[in-house]
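Excluded from the calculations below are hydrogen atoms, water molecules and symmetry mates; all remaining heavy atoms, backbone and side chain alike, are included.
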Amino acid sequence: MIRERVSTSTRAYDIVIGADILQTLGELLRGCEVSVSSRHLLITDENVQATGLADIALEALTASGYQTTVHTIPAGEASKTLAHAETALRAAYQAGLDRRSVILALGGGVVGDLAGFVAATYMRGIDFVQLPTTLLAHDSAVGGKVAVNLPEAKNVIGAFHQPLCVLYDTQTLRSLPLREMRSGLAEAIKHGVIRDAALFRWIGHSLDALLERDDAALAELLARSCRIKAAIVSADERETGERALLNFGHTLGHAVESLARYGTFTHGDAVAIGMAAAADLSVALGLMARTDADEIIALLSRAGLPVRIPRDLPAGELIAAMRQDKKAVGGSLTFVLCREIGQAEVVRRVDEAVICQVIEDRREPS
């Protein structure tokens with residue numbers, strides 16, 4: 001097993017990466033001093049439930065003496081709502097959870113965000129454990145950002161609530177559809193672009209092995225990518241400075257995701273489009289060389305990710321959606337842009353005329 005440590009002002013915890021972790025889940029929770037006398041709630045979605053992973057987790061928990069209720073939500077971003085959070089909160093109450101109970105999030109980013117939000121609000125906050133089952137969730141599972149969406153905007157209702165631990169069973173990735181593997185690579189590529197040029201180029205060299213789910217390649221990717229996320233979160237838990245760099249590709253990406261109605265694109269698809277546009281914008285503002293931007297866009301394309309903005313999303317509506325983004329201040333637009341691969345910075349009050357031109361230049365060909 002590989003362990004990475006996250007140390008924040010509110011909590012220090014481990015990210016544990018390895019094969020067959022779900023089968024030893026009960027032992028790992030005992031190691032984290034999770035109460036055996038309290039009842040617990042495992043939140044998952046219908047797709048994960050169908051793979052049998054929830055049954056494996058439940059069997060391991062029961063074998064270690066844990067009493068656990070399973071609550072299943074519909075799969076997909078449409079489940080990240082206050083209504084589904086309320087249903088899960090009721091399930092927690094009906095299952096008899098107390099202040100020493102733990103909520104277990106078994107699934108991708110949607111499950112992790114929703115379950116974390118439920119944990120942050122139930123009895124004013126109880127512990128939760130992230131059990132990611134997608135490659136994309138290696139990013140969302142680390143750092144303590146938990147949230148649900150409004151129909152108009154993504155992640156605007158939420159909290160900072162660090163998990164008790166992150167337990168990442170790499171075997172769960174074997175049943176993942178190829179589209180979801182590609183989606184997860186988007187966030188790993190992001191980590192390389194903003195902080196680690198060597199990781200960025202290693203992903204390019206290892207792309208075939210990663211998409212073929214080579215165990216050694218996946219373990220190295222997860223460890224290196226989580227290490228970057230852990231270091232940034234440890235230095236800036238509540239996004240007052242450096243942590244904002246993790247939003248590279250997300251300003252436009254969230255706008256594309258919400259305007260296209262959740263489900264048209266995966267989160268990784270939308271972030272990839274946003275990264276391609278951010279690379280173009282970095283060049284347009286004289287920050288980065290065109291060759292570096294082209295290298296970023298080429299790797300995204302090689303990974304099978306979209307890099308073009310749909311023609312049916314008007315620039316005006318994208319700009320309006322970005323103005324509602326959490327990173328916007330006073331209606332002015334903020335972007336994470338690049339100086340070079342491996343070095344990013346936050347740029348505020350970006351000229352909307354330049355953004356509009358980049359949007360048009362990055363559109364799908366007619």
For [X] and [Y], indicate whether the former's side chain and the latter's backbone hold a donor-acceptor pair under 3.5 Å.
X	Y	result
Arg302	Gly204	yes
Asp196	Ala198	yes
Asp45	Ile73	no
Arg349	Leu333	no
His40	Ile103	no
Glu46	Thr72	no
Ser101	Asp98	yes
Ser35	Ser38	yes
Arg348	Thr334	no
Thr44	Leu106	yes

Decide side chain to side chain contact (heavy atoms under 4.5 Å, CB included) for Ile296 and Phe200; before the verdict, give the C-alpha distance in whole Å, the side-chain angles of both, and the deciding distance to 0.1 Å. CA-CA 9 Å; Ile296 292 169; Phe200 176 87; 4.2 Å; yes
For [X], the option from [options] that meets side-chain contact (heavy atoms from CB on, under 4.5 Å):
X	options	answer
His138	Gln130, Lys229, His191	His191
Ile194	Ile341, Leu246, Ile189	Leu246
Ile15	Ile2, Leu167, Leu222, Val166	Val166

Looking only at heavy atoms, which two atoms of [X] and [Y] are closest? And how far apart?
X	Y	result
Tyr168	Leu135	OH-CA, 3.3 Å
Leu173	Thr133	CD2-O, 3.8 Å
Ala303	Leu185	CB-CD1, 4.4 Å
Ser175	Thr172	OG-O, 3.5 Å
Ala188	Leu199	O-CD2, 4.2 Å
Phe248	Cys338	CE1-SG, 3.7 Å

Is [X] salt-bridged to [Y], going by a charged N under 4.0 Å from an acidic O?
X	Y	answer
Arg290	Asp280	yes
Arg243	Glu237	no
Glu4	Arg227	yes
Arg11	Asp127	yes

Nearest 0.5 Å, what's the [atom1]-[atom2] distance between [X] and [Y]?
X	Y	atom1	atom2	answer
Lys154	Ile157	NZ	CD1	13.0 Å
Arg30	Leu61	CZ	CG	11.0 Å
Asp139	Cys226	CG	SG	8.5 Å
Leu22	Asp55	CG	CG	11.0 Å
Leu287	Ser282	CG	OG	5.5 Å

Linking I/L/V/M/F/W/Y whenever their side-chain heavy atoms sit closer than 4.5 Å, directly or via other members, would [X] and [Y] fall into one cluster?
X	Y	answer
Val271	Leu207	yes
Val283	Val350	no
Val110	Val48	no
Val193	Val233	yes
Leu42	Leu58	yes

Note, [X] side chain near [Y] side chain (heavy atom, < 4.5 Å):
X	Y	answer
Gln49	Val70	yes
Ser225	Glu187	no
Leu318	Ile359	yes
Ile273	Arg308	no

Short side-chain donor-acceptor distance under 3.5 Å, [Y] and [X]:
X	Y	value
Thr240	Asp236	yes
Thr291	Asp294	no
Ser183	Thr266	yes

* Give the intermediate values and the outcome of salt bridge (charged side-chain N to carboxylate O under 4.0 Å, His left out) for residues Asp269 and Arg182. => CA-CA 8 Å; Asp269 288 343; Arg182 297 184 191 281; over 6 Å; no
Report, as yes or no, whether the 6.0 Å neighbourhood of atom [atom1] on [X] holds more than 12 heavy atoms from other residues, nucleotides or ligands.
X	atom1	value
Arg363	CZ	yes
Arg39	CZ	no
Arg201	CZ	yes
Glu33	CD	no
Arg179	CZ	yes
Glu59	CD	no

Next on the checklist: Apply side chain to side chain contact (heavy atoms under 4.5 Å, CB included) to residues Met1 and Thr24 and explain how you reach the verdict.
Outcome noted: CA-CA 12 Å; Met1 290 184 184; Thr24 60; 4.2 Å; yes
Handout entry: By ring pair (Phe, Tyr, Trp, His ring centres under 6.0 Å) - contacts of His267 (at least two apart)
Key =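 Testing His267 for ring pair (Phe, Tyr, Trp, His ring centres under 6.0 Å), a comparison that skips the adjacent residues, returns His250, His254.
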**Report entry** Partners passing ring pair (Phe, Tyr, Trp, His ring centres under 6.0 Å) against His161 (at least two apart in sequence or in another chain)
**Finding:**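 Once residues adjacent in sequence are excluded, the partners of His161 under the ring pair (Phe, Tyr, Trp, His ring centres under 6.0 Å) criterion are Phe128.
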Evaluate salt bridge (charged side-chain N to carboxylate O under 4.0 Å, His left out) for Arg174 paired with Asp169, printing each intermediate quantity in order.
CA-CA 10 Å; Arg174 292 204 166 275; Asp169 189 337; over 6 Å; no
Pairs of donor and acceptor atoms involving the side chains of residues 111-125, under 3.5 Å and at least two apart or interchain, shall be tabulated with distances.
| from | atom 1 | to | atom 2 | distance (Å) |
| --- | --- | --- | --- | --- |
| Asp113 | OD2 | Lys80 | NZ | 2.7 |
| Thr121 | OG1 | Phe117 | O | 2.8 |
| Thr121 | OG1 | Val118 | O | 3.2 |
| Tyr122 | OH | Leu97 | O | 3.0 |

For a side chain to side chain contact (heavy atoms under 4.5 Å, CB included) check, start with the C-alpha distance between Cys356 and Ile319, then their side-chain angles and the critical distance, and finish with the verdict. CA-CA 8 Å; Cys356 285; Ile319 293 288; 4.0 Å; yes
